[in-house]
Trainee: 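Provided herewith is a single structure, encoded as structure tokens, for subsequent inquiry.
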Amino acid sequence: MGHLMRYMAREEEKRDKKYSDCALFKKILGIFSYYKTEAISVLTVVVLFSLFTTTLPILMQQIIDYFIKPYTDASSLEFILSGFRNTFVSNYNASNIGILTKSISFMIPTSKNEITNSLLIVGAMYLLFIFVNFILILVRTIFFAKLGQKMIYRIRSDLFTKLQYLSFDYFTDTESGRTISKLTNDVDALGELLTTGIIDIFADFISLVWILVLMFILDINMTLLAITVIPLLIIIAFFFQKRVRSAYRRTRVAIAQVTSNLQETISGVKVTKALSREERNIQNFKNLNKENYSANVQAAGVSSLFMPIIQLIAALGSTIVIIFGGYSVISLGTLTYGKLYAFLEYSNRFFMPVISLFTFYTIIQSGFASAERIFEILDEDPSVKNSAKPFFPKKIKGLIELESVHFRYQPKVPVLKNINLTIEPGKSIALVGQTGAGKTTITKLLSRYYDVTEGELSIDGINIKEIDLETLRRNIAVVPQDVYLFSGSVKDNLKFGKKDATDDEIYEVCLMLGLHDYILKLPEGYDTDVKEGGSRLSLGQRQLISLARAVIANPSILILDECSSSVDPITESLIQKGINLMLRERTSIIIAHRLSTIKTASQIVVIDDGEIVEIGSHKELLKKKGKYRDLYQTQLTSNLVK
């Protein structure tokens, strides 16, 4: 089992590697285009926040150089005033940071008392900076949350909408649990990337650029020394890129397998109980859960190794600043204490966005791994879709023609071979044959779950590929052998194919099928909640409701696939009478293994190994002494033995 799961994981990883990082990034940015106003608002707040917070070290530099350091070293007040004024005024025109210096030049003191007052004013300004910073953080957080949730809502809605219109083959080839995992786990991971990742990355990038500009303004040589570690950071990032991406891709595959197994096990709980498979299921789940555990431990291991290395390199950059900055202050005298403080602050702040960018790197890789799986669905091209100019028939009469139809689910494995069949409007035909002969496949082609591989299938003389898909399916109702009812009341399920059906229409059909009395015996009658899959009802009751649901939709073509196979003989007799009434003046196709239920069909078509071998009425086929008679005799003998 473990080997099989690892093989499936490898296969899914291969499928996931269909987008480059650049292509994925463009697709992710495309999500922001739906919310341009909100995105611009967030980015504006981010820019303001980044620019505002970087002014604090400059303010502290002024306090240190012009208030604290001169006052502690000078022998007289005049020295403080002279140095303060000279530096403020002379540096204003020469320095690009003069804007801030000029803005507080009105505080230049002329006496010791004024120094104290100026310090109080500067302190008040500092508190004001902190308060504005708090407001910006609050606004940014609210804007982030609102924009992020809108995007998650959009992605999940788009995914669900896409799934509604994907072709039938997607659902037969893809486990439902994996699809559910993409709608839940992968959307959450991508949402984290959108809300915590990309916007914060943009904020950090703005801060990084602005801080780098300020560092160059303060001291070019010191800045060049500080950024010597950047190439090393880039090399490390490229080294870890594939490893982190691969590790997080494995986690997405692993959690999808766990979700798929949970969905399958819960759905098949009756079979589990009947066959006493509890211990086997537990062991299977343990294997999958262990695989998920191993994948996440591996991803965490890669991330835990990655971050300390990045922090170590960043610390190396700060160490270089401390050593050479201290030397410049103490030995060379080319740097003031205030500038050294500001430079150290900017150096730390410079590496903080760098570290944050690499911290988000794991979020990015996890988000990209999920984005691959999400866009795989969003970019899925349905194999069955409307033509460029679909035809919208006002009414479908029900003439069905199959001309030299061939069909294969898989290449080189034919399921239907050279099917030629005409069903006149208002007539009913029965398809019979052994299991796997191709009977249900014909009805799937008629509903355009799949398109024919070769030949032509038409309704009322029009190739069904040219008929609008929604119009086509609205005029065809299928009662499958495997009945599924949705959570909700009995009445909700009966109206599923026709939401505007009146109560009188519902009661009329249920009375005709002999279903009305069954429903009234339920705890709340037509308002009884059937639960998921109709679990509160017997299989026979579910089949009756499914049949009534199809009839209430009032289709032009009705397909009945073993719709009475799970009811008792008395109920079956009642259903058969109702079916005979429903089939009047309505084209219908009946698939049945109980040949006694199809004697009244206009035609009986016998299919064997994907080919039509006999066509005729019940009596005609018995006279031919062919395949149909063999099936009939076998079934008759079996009933006699019983």
Side-chain angles (χ1 to χ4, degrees), residues 168 384 386-387 390-405 407 416 419-432 438-452 455-481 496-498 501 505 508-509 512-513 546-564 575-592 597-607 612 615-618:
F168 204 79
V384 175
N386 267 335
S387 63
F391 176 69
F392 294 86
K394 293 182 179 180
K395 184 179 181 181
I396 289 181
K397 296 178 181 179
L399 172 63
I400 302 172
E401 297 173 290
L402 292 86
E403 298 180 10
S404 303
V405 168
F407 179 73
L416 295 178
I419 301 294
N420 290 280
L421 180 65
T422 299
I423 306 173
E424 298 294 334
K427 300 294 183 181
S428 64
I429 70 157
L431 302 179
V432 300
K439 306 181 296 297
T440 301
T441 298
I442 291 176
T443 63
K444 288 179 178 179
L445 294 178
L446 183 61
S447 299
R448 275 203 81 192
Y449 293 163
Y450 303 91
D451 280 332
V452 299
E456 184 175 318
L457 174 56
S458 61
I459 293 178
D460 293 347
I462 305 168
N463 191 316
I464 63 169
K465 293 181 181 179
E466 302 300 322
I467 301 175
D468 174 66
L469 196 55
E470 183 179 351
T471 303
L472 173 70
R473 290 176 179 168
R474 196 168 53 241
N475 281 275
I476 299 175
V478 182
V479 184
Q481 184 175 1
F496 197 79
K498 188 181 179 183
E505 288 178 279
E508 181 182 355
V509 171
M512 183 170 55
L513 291 174
S546 179
L547 178 61
R549 178 172 62 190
V551 177
I552 290 169
N554 193 29
S556 301
I557 300 171
L558 184 63
I559 299 172
L560 308 176
D561 189 353
E562 288 290 330
C563 65
S564 61
I575 292 176
Q576 197 60 46
K577 290 179 181 178
I579 289 175
N580 292 336
L581 292 172
M582 290 187 303
L583 298 185
R584 290 178 182 176
E585 300 181 359
R586 177 182 280 131
T587 305
S588 57
I589 300 175
I590 306 168
I591 298 175
T597 63
I598 59 170
K599 292 180 181 179
T600 58
S602 305
Q603 275 189 326
I604 297 174
V605 179
V606 184
I607 301 175
I612 295 177
I615 297 180
S617 65
H618 174 69

Trainee: Compare all side-chain heavy atoms of Ile612 with those of Ile419 and state whether any distance is below 4.5 angstrom.
Mentor: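 Side-chain contact under 4.5 Å: yes.
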Trainee: Salt bridge (Lys or Arg N to Asp or Glu O under 4.0 Å) with Arg473: which residues, sequence neighbours excluded?
Mentor: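 For Arg473, no residue satisfies salt bridge (Lys or Arg N to Asp or Glu O under 4.0 Å) once neighbours in sequence are set aside.
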Trainee: State, to 0.1 Å, how close Ser404 and Asn420 come at their nearest heavy-atom pair, and which atoms those are.
Mentor: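 Closest approach of Ser404 to Asn420: N-OD1, 2.8 Å.
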Trainee: Where the side chain of Asn475 meets the backbone of Ile557, is there a donor-acceptor pair that is under 3.5 Å apart?
Mentor: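 Not at all, since once roles are kept as given, no pair shorter than 3.5 Å links the two residues.
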Trainee: Any side-chain heavy atom of Ile442 within less than 4.5 Å of one from Ile607?
Mentor: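 A side-chain contact under 4.5 Å exists here.
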Trainee: With side-chain hydrogen bond (donor to acceptor under 3.5 Å, both in side chains) as the test, would you mind laying out the steps for Thr443 and Asp561 before giving the verdict?
Mentor: CA-CA 9 Å; Thr443 63; Asp561 189 353; 5.3 Å; no
Trainee: Does a side-chain heavy-atom distance below 4.5 Å link Val606 with Ile615?
Mentor: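 No, every pair of side-chain atoms sits at 4.5 Å or beyond.
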Trainee: Give me the atom names and distance for the closest heavy-atom approach of Gly497 to Ala553.
Mentor: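 Shortest heavy-atom separation between Gly497 and Ala553 comes out as O-CB, 4.0 Å.
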Trainee: Donor-acceptor pair, distance only, cut-off 3.5 Å: does the side chain of Asn386 make one with the backbone of Leu469?
Mentor: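 Yes, the answer is positive, given that a donor and an acceptor are paired below the 3.5 Å cut-off.
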Trainee: Under the side-chain hydrogen bond (donor to acceptor under 3.5 Å, both in side chains) rule, collect the residues that match up with Ser447, sequence neighbours excluded.
Mentor: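 Ser447 satisfies side-chain hydrogen bond (donor to acceptor under 3.5 Å, both in side chains) with no other residue.
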Trainee: Could you check Thr422 against Leu399 for side chain to side chain contact (heavy atoms under 4.5 Å, CB included), going step by step and ending with a plain yes or no?
Mentor: CA-CA 8 Å; Thr422 299; Leu399 172 63; 4.1 Å; yes
Trainee: Find the distance between NZ (Lys439) and CG (Leu431) and round it off to the nearest 0.5 Å.
Mentor: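 One finds 8.0 Å between NZ of Lys439 and CG of Leu431.
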Trainee: Please name all residues satisfying salt bridge (Lys or Arg N to Asp or Glu O under 4.0 Å) with Glu470, sequence neighbours left out, ordered by chain then number.
Mentor: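 Only Arg474 meet the salt bridge (Lys or Arg N to Asp or Glu O under 4.0 Å) criterion with Glu470.
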Trainee: Quick check: do Asn463 and Phe391 have side-chain heavy atoms less than 4.5 Å from each other?
Mentor: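 With C-beta onward as the side chain, the pair stays apart.
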Trainee: Once rounded to the nearest 0.5 Å, what's the spacing between atom CG of Leu457 and atom CD1 of Ile400?
Mentor: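 CD1 of Ile400 is found 8.0 Å from CG of Leu457.
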Trainee: Apply side chain to side chain contact (heavy atoms under 4.5 Å, CB included) to Tyr450 and list each qualifying residue two or more places apart in sequence or on a separate chain.
Mentor: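 Residues passing side chain to side chain contact (heavy atoms under 4.5 Å, CB included) with Tyr450: Phe168, Asp169, Thr172, Phe407, Tyr409, Lys444, Leu445.
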Trainee: Please round to the nearest 0.5 Å and tell me the distance separating atom OG of Ser556 and atom CG of Leu472.
Mentor: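 Between Ser556 OG and Leu472 CG, I get 10.0 Å after rounding to 0.5 Å.
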Trainee: Mind checking what makes salt bridge (Lys or Arg N to Asp or Glu O under 4.0 Å) contact with Glu505, not counting sequence neighbours?
Mentor: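 By the salt bridge (Lys or Arg N to Asp or Glu O under 4.0 Å) rule, Glu505 matches Lys498.
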Trainee: Answer yes or no: is there a donor N or O on one side and an acceptor on the other, between the side chain of Arg586 and the main chain of Pro555, under 3.5 Å?
Mentor: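 Yes.
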Trainee: Check the pair Leu446 / Ile559 against side chain to side chain contact (heavy atoms under 4.5 Å, CB included), numbers first and verdict last.
Mentor: CA-CA 10 Å; Leu446 183 61; Ile559 299 172; 3.9 Å; yes
Trainee: Check whether any side-chain heavy atom of Leu547 sits under 4.5 Å from a side-chain heavy atom of Leu560, and report yes or no.
Mentor: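 Yes. Closest side-chain heavy atoms under 4.5 Å.
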Trainee: Going through the distances and angles, do His618 and Ile604 end up as a side chain to side chain contact (heavy atoms under 4.5 Å, CB included)?
Mentor: CA-CA 7 Å; His618 174 69; Ile604 297 174; 3.9 Å; yes
Trainee: Between the main-chain N or O of Thr471 and the side-chain N or O of Asp468, is there a donor-acceptor pair closer than 3.5 Å?
Mentor: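 Checking the backbone N and O of Thr471 against the side chain of Asp468, a donor-acceptor pair under 3.5 Å is found.
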Trainee: Is the shortest side-chain heavy-atom distance between Ile459 and Ile467 below 4.5 Å?
Mentor: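 Counting from C-beta outward, Ile459 and Ile467 do come under 4.5 Å.
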Trainee: With sequence neighbours left out, what residues match Arg448 under salt bridge (Lys or Arg N to Asp or Glu O under 4.0 Å)?
Mentor: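 Per chain and number, Arg448 pairs via salt bridge (Lys or Arg N to Asp or Glu O under 4.0 Å) with Asp451.
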Trainee: Indicate the atoms forming the closest heavy-atom contact of Lys465 with Ser387, along with that distance.
Mentor: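 Looking at all heavy atoms of both residues, the closest pair is O-CB, 3.7 Å.
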Trainee: Can you tell me how far the OG atom of Ser428 sits from the CD1 atom of Ile590, to the nearest 0.5 Å?
Mentor: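 Spacing of OG (Ser428) from CD1 (Ile590) equals 5.0 Å.
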Trainee: Which distance, rounded to the nearest 0.5 Å, do you find between the OG of Ser458 and the CD of Glu403?
Mentor: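 Output value for this atom pair is 5.5 Å.
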Trainee: Short question: side chain of Asp460, backbone of Ile396 - any donor-acceptor pair under 3.5 Å?
Mentor: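 Judged by distance alone, no pair lies under 3.5 Å.
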Trainee: Show your reasoning for whether side chain to side chain contact (heavy atoms under 4.5 Å, CB included) applies to Ile462 and Ile464.
Mentor: CA-CA 6 Å; Ile462 305 168; Ile464 63 169; over 6 Å; no
Trainee: Look only at the side chain of Thr587 and the backbone of Gly426, and say whether a donor-acceptor pair between them is shorter than 3.5 Å.
Mentor: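 Flag set: sc Thr587 to bb Gly426 pair under 3.5 Å.
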